[in-house]
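What follows is a set of notes on a single structure, which appears directly below.
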2 protein chains.
Amino acid sequence: MTSVSLRGDHRAVSVRLPNGTYADFPALFLRDNCATGFHPQTLEREFDLTSVPAGISISSAEIEGNELVISWATEDLQSRYTLDWLCAHTPGKTMTDPASVEPIVWRGDLQKNDLPRAAASDLLSNDAALLEFLIATKKTGLAIVEGMADDVDAGMTVARRIGFLRETNFGVTFEVMSKPNPNNLAYTSHALPLHTDLPNQELAPGFQFLHCLANEAQGGGSTFADGFAIAEDLKTLDREAFDLLAKTPIPFRFQDGEYDIRKHHTVIQLDHFGTVSEVRFNAHIASVFDMPADQMDAYYRAYRTIMAMTRDPAYVMTTKLNGGEMVIFDNRRALHGRAAFDPSTGFRHLRGCYVDRGEFDSRIRVLARGVEAAKAA
Amino acid sequence: MTSVSLRGDHRAVSVRLPNGTYADFPALFLRDNCATGFHPQTLEREFDLTSVPAGISISSAEIEGNELVISWATEDLQSRYTLDWLCAHTPGKTMTDPASVEPIVWRGDLQKNDLPRAAASDLLSNDAALLEFLIATKKTGLAIVEGMADDVDAGMTVARRIGFLRETNFGVTFEVMSKPNPNNLAYTSHALPLHTDLPNQELAPGFQFLHCLANEAQGGGSTFADGFAIAEDLKTLDREAFDLLAKTPIPFRFQDGEYDIRKHHTVIQLDHFGTVSEVRFNAHIASVFDMPADQMDAYYRAYRTIMAMTRDPAYVMTTKLNGGEMVIFDNRRALHGRAAFDPSTGFRHLRGCYVDRGEFDSRIRVLARGVEAAKAA
């Protein structure tokens, strides 16, 4: 049975919610979220919080049907909140988010066949299939799309089903193949040790889409490692190294004739809750470390420790992409690399683009909305 | 006189630099930055730091002309570093950066005529003028371009001289005018209290370009405030509020038929050094606060305090943009808003786009490179 009582000088209400728990809702919180304060079309808040006093108080609070009805002591206004809304927005509880997916970490024994996998045609035509695949891809941070059209734009077409493309100094899309006068090691035939792309940007690109158009050269196998697994193990095995990597910003820098993009970042990024949210590892564009000399030995020890983990078969899975396959990975979690290849033995061409995490998550939420609506219908 | 000595078991060198200061350079730091380890064209590091032992030591260190020459005890290699390089990369010292500009904060008494101002034609044709203007714009976070072509693409043309445009869910460019079925309050004729755009994104857009094509309606004056000035004063006047705003993430959210983009952020963002690097204030898309109920009163007090500052004439400058002017501001520092206007009295049309801070700073560095080269020639 839902019940309600005024608390703390009428400056909060305590509600017994339908699930049996009691929750406190402060008066200012309720006033700030009164439906009358929002624009009906844009859903944006137009209410001016400074138009009411800080000490706003409630004159009465009642349950009517499935709504909490508040009258205000200081204002001629009735505010209504559904019990569903109160459950969803109980203070101290993060709102349910279809895009909030717990990562499933993996290590070097992961096989290509174990990865989430979908056919391009399904992703392009079927919202439910796309939703399921996006959630699976968020869990592992690495997935395969098969049956890609033999068309240089096919990767972009799938990526754009998810969100607009994140442009970078390398363009909206980029061609991974051996080129004359390369401005990036990816555009050579050299081996690329495991790395994440563009940590020199303030926000490194989120999900990377690499469509394999041809992979006929000898060599050129792909490598991947789960940065979250590495960080998790490092935290257990060597807490001092983990803390240094999570607390010490180092400079990253890319420069060519047109750009000079620099940023200090930590190698391990923790979110507001202290959870690892990102790994940045790219020895190619790590710039000259600039911590004081007396901190360098300790930092180099930590940095070499995580670097060694990125080369350890315990963490590195090796596979070969086939023409017609596209790999998708969270560039802020999964490291990627490749073996050297011999361009005289055959053509190797991957075409890449990025969709940031924000747009990726937004697509999950909007697709989930559609699936919920279909269920309700 | 430059001199050099080995220290700490040959695991570092101490160098007396041409400016008379002594600096220590650890062996691993020098080895990691030996020029032989970098790709000659991409300038990226190919050297594998794990290929040398952690305890690497130096057999000899000498000054030859303007170079430090190191021979390694553990490797048959000679490494050379110019004294200029050693000065620039002394551990503990941040590398010189032409884009590192100290902000000059401003308050409500700032006049439009006091702002950095340049003619579009100069910015488009003259690199030195562009460089000077970009640095001035970084200092104030707000500037005016005049003499814009009467062309809806004129703003993009100037913005693209600086960097590629940051796409968002509102497009690569956006039209600020009264529209039917708006998905954003900017697209109504309502007043817009001061705010920063898109704090619901993981990385809010950096510099915003608003080209005023027509401003003939009654009302519609523009307002600006310097978020850095507000944060600076808040820190002095009410440290508790400042700390709460800098430490408590709150949810931001934008949703419409196509998108649902959410992110928790603090209102005040501090960088690695504890300096205010960003202010996020947007009451329209602040979502439902989710801190525990017993923290809400304190947080609302802090939030209302900064909100009141954004409405205080001490901080708010009011001006009216004329057709043919474009305002540029750092959206992560300067708040912007407008008075309501009456669309029946005349047309008001602004066209906007964004260039992120990373590309803005990169353009300053590349232009500065050109100016240096011209000086040297």
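Each chain gets a letter, A, B and so on, in the order the sequences are listed, and its residues count up from 1.
- In terms of heavy-atom pairs under 4.5 Å with chain A, the best-connected choice from Arg301(B), Arg253(B), His190(B), Lys263(B) is His190(B).
- Considering every non-hydrogen atom in both Met291(A) and Pro91(B), the closest pair reads O-CB, 3.5 Å.
- Here Arg332(B) is the residue among Arg332(B), His265(B), Gln295(B) with the most heavy-atom pairs under 4.5 Å with chain A.
- In this structure, the separation between CE on Met307(B) and CG on Leu49(A) is 5.0 Å, given to the nearest 0.5 Å.
- The CG atom of Asp361(A) lies 10.0 Å from the CG atom of Asp260(B); values are rounded to the nearest 0.5 Å.
- Note on Thr94(B), Thr50(B), Thr248(B), Thr266(B): by heavy-atom pairs under 4.5 Å with chain A, the leading option is Thr50(B).
- Remark: Arg166(A) CZ to Arg166(B) CZ distance equals 7.0 Å, nearest 0.5 Å.
- Between Phe29(A) and Val288(B) the shortest side-chain heavy-atom distance falls below 4.5 Å.
- To the nearest 0.5 Å, the span separating CG on Leu28(B) from OH on Tyr303(A) amounts to 11.0 Å.
- Contact annotation: the side chain of Arg11(A) approaches that of Asp297(B) to within less than 4.5 Å [non-hydrogen atoms, C-beta and beyond].
- Both the backbone and the side chain of Glu167(A) come within less than 4.5 Å of a heavy atom in chain B.
- A pairwise comparison of heavy atoms in Ile261(B) and Glu359(A) identifies CD1-OE2, 4.0 Å as the closest pair.
- Chain A forms more heavy-atom pairs under 4.5 Å with one residue of Asp97(B), Asp356(B), Asn169(B), Ile285(B) than with any other, namely Asp97(B).
- Pairing each heavy atom of Val52(A) with each of Arg304(B), the nearest pair is O-NH2, 2.8 Å.
- Side-chain contact between Thr188(A) and His39(B) is present, with at least one heavy-atom pair separated by less than 4.5 Å.
- The structure places CG of Leu203(A) at 9.5 Å from CD of Gln201(B), a figure rounded to the nearest 0.5 Å.
- Separation of atoms OH (Tyr259(B)) and CZ (Arg365(A)) is listed at 13.0 Å; rounding is to 0.5 Å.
- Listed by first and then second residue, the side chain to side chain donor-acceptor pair (under 3.5 Å) pairs involving residues 284-294 of chain A are His264(A)-Asp290(A), Asn282(A)-His284(A) (not counting sequence neighbours).
- Comparing Ala99(B), Pro193(B), Ala283(B), Ala308(B) by how many heavy-atom pairs each has under 4.5 Å with chain A, the most go to Ala283(B).
- Across Met95(B), Arg311(B), Gln255(B), Arg357(B), the residue that shares the most heavy-atom pairs under 4.5 angstrom with chain A is Arg311(B).
- Arg262(A) and Thr96(B) make their closest contact through NH1-O, 3.2 Å (heavy atoms, listed as atom of the first residue, atom of the second, distance).
- Around the NZ atom of Lys247(B), the shell of radius 6.0 Å holds no more than 12 heavy atoms that belong to other residues, nucleotides or ligands.
- When heavy atoms are compared at a cutoff of 4.5 Å, Ala286(B) approaches chain A by way of both its backbone and its side chain.
- Only the side chain of Pro98(B) has a heavy atom closer than 4.5 Å to any heavy atom of chain A.
- Per-residue heavy-atom pair counts under 4.5 Å with chain B were compared for Asp256(A), Leu43(A), Asn184(A), and the maximum is reached by Asn184(A).
- When heavy atoms are compared at a cutoff of 4.5 Å, Leu165(A) approaches chain B solely by way of its backbone atoms N, CA, C and O.
- Listed by first then second residue, pairs satisfying salt bridge (Lys or Arg N to Asp or Glu O under 4.0 Å) with a partner in residues 21-30 of chain B read Arg7(B)-Asp24(B), not counting sequence neighbours.
- For Pro26(B) against Ala293(A), the heavy-atom pair with the smallest separation is CG-O, 3.9 Å.
- When all heavy atoms of Arg363(A) and Glu258(B) are compared, the closest pair comes out as NH1-O, 3.7 Å.
- Of all the listed residues (Ala191(A), Ala54(A), Gly358(A)), the one sharing the greatest number of non-hydrogen pairs under 4.5 Å with chain B is Ala54(A).
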